[in-house]
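Report on the following structure.
Letters A, B, ... mirror the listed sequences (proteins, then strands); counts begin at 1.
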2 protein chains.
Amino acid sequence: MSFRKVRNAHKTENTEDYLELIAELLNSKGEARIVDIANELSIAQATANKTIQRLHNQGFIKKQPYRSIFLTVKGQQIASKSKKRHNTVLKFLMNLGIDQKTASADAEGIEHHVSEKTLKKMEKFNSAKKIV
Amino acid sequence: MSFRKVRNAHKTENTEDYLELIAELLNSKGEARIVDIANELSIAQATANKTIQRLHNQGFIKKQPYRSIFLTVKGQQIASKSKKRHNTVLKFLMNLGIDQKTASADAEGIEHHVSEKTLKKMEKFNSAKKIV
DNA sequence: ATAGAAATATAGCCATAGCTATATTAATTA
DNA sequence: TAATTAATATAGCTATGGCTATATTTCTAT
């Protein structure tokens, strides 16, 4: 059993979710605020703030005190990679015949645990569009 | 986005891994020891011990100090459910054409995030045995 | 321009999971 | 049986993510 990989995935999971969400907010609303992040994730603002501080310390985020949030190049790279992976998993689940809502919820959890190899197979399946 | 579900899954994830592993050890070796658990999970014995204490407090495990570990009925139920889910995901990934090693690693992470609906679809896919 | 509202930040708490070091108990073997 | 080894337990540390309460700053509207 290879549980180490899973635990390592966990460390980056929250980071990926935040960066993906920030990228989305920047894209749709033009800015990413702590308030929006907290709402989207259904957590307290203080919790969002704390995580944002961590992401800032780790160089994924650019921000000034009391101002909204931007992604560094490093942050953007992870965000786009995560988004791509998310879409692949979501489409895959829907092609499998799962309804949008369930597929969306499951994809959220699954996306962080899918290897490159598996992702490739899912893409292949998606382009073949074989519904079983 | 439904991140709350993912976070709730995380809380039970480690619990499920432990209970599944303990059931396996009981089955294969006849007993489950902290040493074995720590080795299997590649963590320190002190860490395994601490989690085992938590599982004991939460009523998933029966044990006496300095003795090996057993599952309560509650623990057994979760273990067998987890095992079933794990096998379904593993078979599914392999039917998708993913090699045993990769499938095994991915299943470890994915199994905790698969809803009942998705699990059903995977089972259906598995019994159809359609390799794409 | 300033008062009140909204957003951000900080402090301090809890639980979990990880670690090393050390103590205690059980098992083995000389 | 006694000494050594192995296993378990405990103490104390770190980091993460969750919370509420409160302070501070910025925004908005009168």
Under 4.0 Å, counting only non-hydrogen atoms across every strand here, what does B:K11 touch: a base, just sugar-phosphate, or nothing? nothing
Please classify the nucleic acid contact of B:E31 as base, sugar-phosphate, or nothing, using heavy-atom distances under 4.0 Å. nothing
Pairwise 5' ranking along DNA chain D for B:S68 and A:R54, keeping only the more 5' one: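 Result: B:S68.
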Nearest nucleotide by nearest heavy atom, which residue falls closer to the 5' end of DNA chain D, B:A46 or A:H10? B:A46
Is a donor on one side and an acceptor on the other found under 3.5 Å between the side chain of [X] and the backbone of [Y]?
{"X": "B:T72", "Y": "B:K62", "answer": "no"}
{"X": "B:D106", "Y": "A:V114", "answer": "no"}
{"X": "A:S28", "Y": "A:E24", "answer": "yes"}
{"X": "A:S82", "Y": "A:I78", "answer": "yes"}

On DNA chain C, check which nucleotide each of A:R7 and A:K63 is closest to and give me the residue with the more 5' one. A:K63
Aromatic contact, B:H86 with B:H112 (centres under 6.0 Å):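 Judged by ring-centre distance (under 6.0 Å), B:H86 and B:H112 do not meet the cut-off.
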Nearest whole angstrom, please: distance from the [atom2] of [N] to the [atom1] of [X].
{"X": "A:N49", "N": "C:dA11", "atom1": "CG", "atom2": "C1'", "value": "12 Å"}
{"X": "B:I69", "N": "C:dA26", "atom1": "CD1", "atom2": "C1'", "value": "15 Å"}
{"X": "A:I37", "N": "C:dT8", "atom1": "CD1", "atom2": "C1'", "value": "12 Å"}

A:L96 versus B:F92: any side-chain heavy-atom pair under 4.5 Å? yes
Could you go through A:T12 and A:T15, starting from their C-alpha distance and side-chain angles, then the distance that decides it, and tell me whether this counts as side-chain hydrogen bond (donor to acceptor under 3.5 Å, both in side chains)? CA-CA 5 Å; A:T12 57; A:T15 297; over 6 Å; no
Among A:E111, A:E116, A:E20, A:E123, find the one that has a salt bridge (charged side-chain N to carboxylate O under 4.0 Å, His left out) with A:K84.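 One option only clears the test, and that one is A:E123.
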5' to 3' on DNA chain D, which nucleotides open and close the contacts with chain A (atom under 4.0 Å from a heavy atom)?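 Taking any atom under 4.0 Å from a heavy atom of chain A, the span is D:dT16 to D:dC27.
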Please determine if B:E16 and B:R85 form a salt bridge, counting it only when a charged side-chain N lies under 4.0 Å from a carboxylate O. yes
For nucleotides 2-7 of chain C, give me one character per nucleotide, 5' to 3': B if any protein heavy atom sits under 4.0 Å from the base, S if the only such contacts are to the sugar-phosphate, - if neither. -----S
